[in-house]
2 protein chains.
Amino acid sequence: MVTLESKKKGIHSANICPVAKVADLLSDSWTMLIIRDLLISQMRFCELETSLDGISTRTLTLKLKKLVTEKVISKDDATHYYSITKQGQNLAQIIDAMRGYGEKWM
Amino acid sequence: MVTLESKKKGIHSANICPVAKVADLLSDSWTMLIIRDLLISQMRFCELETSLDGISTRTLTLKLKKLVTEKVISKDDATHYYSITKQGQNLAQIIDAMRGYGEKWM
DNA sequence: CAGGATCCCGCGGGATACTG
DNA sequence: CAGTATCCCGCGGGATCCTG
């Protein structure tokens, strides 16, 4: 019953807590890695597939769609390139903070 | 087959990319919210249960155990209080970055 | 190459009941 | 209150095949 609700209004009172909102967005690790890659340069589907070793086409498709919907990335329909939007670039701070922690403590 | 491996060495070549490591640690949203709460003050099991509206006892138990193992939080066995470790406090930068993005863009 | 469509399995995690 | 122990279900996501 939580599951059904959470589909609509986001998990864990995501509508009030900004941290929860982002947690909901990034709650699977593939998503963060896609963003990590696209922050470096635009990439095509198969490039991401290679970089994200092990991801299935289905999952990559779904994650990319979600990120496009969230305006984090955009797709050039002519060239088939995915790239970070201006909004999405703000996620760099999160990724950087993660990298900092990971390098130091893990 | 990925699943079995990933249990040992972490998901998505987590052993080489620091971002992937942290992504693996934070790959479920409950974990981030637990950290968010404990960054504010130490809390007991039932307090977390209340704050994290909707979490099951089983899940909270598992997440807390994992975080203790990761040296992110620690438990006082006498008082039953959970609190952030010094190492864990470094996660504040990630949480803050998340809050910043969430407030501005979501 | 870029995805859509299916099929299917595992495990993350909820509900509930019980113990120290 | 602070968990532990089961039982069970849903869906996230892998594998595979097909299309433009």
Side-chain angles (χ1 to χ4, degrees), chain A residues 1-14 20 23-34 37-38 41-70 73-83, chain B residues 1-14 20 23-34 37-38 41-70 73-83:
Chain A
M1 45 191 59
V2 172
T3 34
L4 268 176
E5 278 182 59
S6 56
K7 282 299 174 187
K8 285 187 167 183
K9 59 177 197 179
I11 298 173
H12 331 319
S13 43
D24 194 31
L25 174 68
L26 305 181
S27 56
D28 65 292
S29 40
W30 287 126
T31 298
M32 306 202 225
L33 299 183
I34 292 170
D37 284 353
L38 291 181
S41 75
Q42 56 175 7
M43 293 177 82
R44 283 178 303 165
F45 194 88
C46 73
E47 296 181 284
L48 284 165
E49 221 168 1
T50 303
S51 174
L52 304 169
D53 188 43
I55 196 170
S56 64
T57 69
R58 181 178 176 279
T59 301
L60 181 53
T61 302
L62 292 177
K63 300 306 174 190
L64 288 173
K65 258 183 194 158
K66 185 183 171 190
L67 289 173
V68 168
T69 302
E70 296 280 347
I73 69 176
S74 67
K75 179 191 176 183
D76 185 312
D77 287 320
T79 64
H80 295 275
Y81 267 99
Y82 291 91
S83 52
Chain B
M1 46 192 55
V2 173
T3 34
L4 267 176
E5 278 183 59
S6 55
K7 280 299 173 188
K8 284 186 168 184
K9 59 177 196 178
I11 298 172
H12 332 319
S13 41
D24 193 30
L25 174 66
L26 304 182
S27 57
D28 65 293
S29 40
W30 287 127
T31 298
M32 307 202 225
L33 299 184
I34 292 170
D37 285 352
L38 291 182
S41 74
Q42 56 174 6
M43 292 176 82
R44 282 177 304 166
F45 193 89
C46 74
E47 295 180 286
L48 284 165
E49 221 168 1
T50 303
S51 173
L52 304 169
D53 189 45
I55 197 171
S56 65
T57 68
R58 180 179 177 280
T59 302
L60 182 52
T61 302
L62 292 175
K63 300 308 174 189
L64 288 173
K65 259 182 192 155
K66 185 181 171 192
L67 289 174
V68 169
T69 302
E70 296 280 347
I73 68 176
S74 65
K75 180 190 175 185
D76 185 312
D77 287 320
T79 64
H80 297 274
Y81 268 99
Y82 290 90
S83 52

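Only this structure's heavy atoms are used, side chains among them; waters, hydrogens and symmetry mates stay out. Note that the structure is predicted; figures quoted are calculated from it, not measured. To find a chain, count down the sequence lines: A is the first, B the second, and so on, and within it residues start at 1.
In this structure, B:L64 places its CG atom 15 Å from C1' of C:dG13, rounding to the nearest Å. Spacing between atom CD of A:E49 and atom P of D:dG13 amounts to 16 Å, rounded to whole angstrom units. Put simply, CG on A:D53 is 11 Å from P on D:dG14, counting in whole angstrom units. Straight-line distance from the CG atom of B:L60 to the P atom of D:dA2: 10 Å, rounded to whole Å.
As judged by a 4.0 angstrom heavy-atom cut-off over every strand, A:Y81 is placed among residues making no nucleic acid contact. Within the 4.0 angstrom heavy-atom criterion, only backbone atoms of the sugar-phosphate kind lie near A:T59; the bases stay farther away. Residue contacts shown for A:T61 are limited to sugar-phosphate atoms, with no base heavy atom under 4.0 Å away.
For C:dG3, one of the phosphate oxygens OP1 or OP2 lies less than 4.0 angstrom from a side-chain nitrogen or oxygen of A:K75. Taking 4.0 angstrom as the limit, A:K65 places none of its side-chain polar atoms (N or O) nearer than this to OP1 or OP2 of C:dG3. In terms of phosphate contacts, A:K63 brings a side-chain nitrogen or oxygen within less than 4.0 Å of OP1 or OP2 of D:dG13.
Side-chain proximity of A:S56 to C:dG14, C:dT16, D:dG14: nearest is D:dG14. If you check D:dT6, C:dA5, D:dG13 against the side chain of B:R58, the one that comes closest is D:dT6. The side chain of B:C46 approaches D:dC1 more closely than any other nucleotide in the set C:dC1, D:dC1, C:dA5.
The main-chain N or O of B:E47 is never found under 3.5 Å from a side-chain atom of B:S51 such that the two would form a donor-acceptor pair. When atom types are taken as modelled, the side chain of A:T69 and the backbone of A:K65 share a donor-acceptor pair closer than 3.5 angstrom.
Considering only heavy atoms from C-beta on, A:L48 comes within 4.5 Å of A:L64 through its side chain.
Closest of all the heavy-atom pairs between A:K63 and A:I34 is CB-CD1, 3.5 Å.
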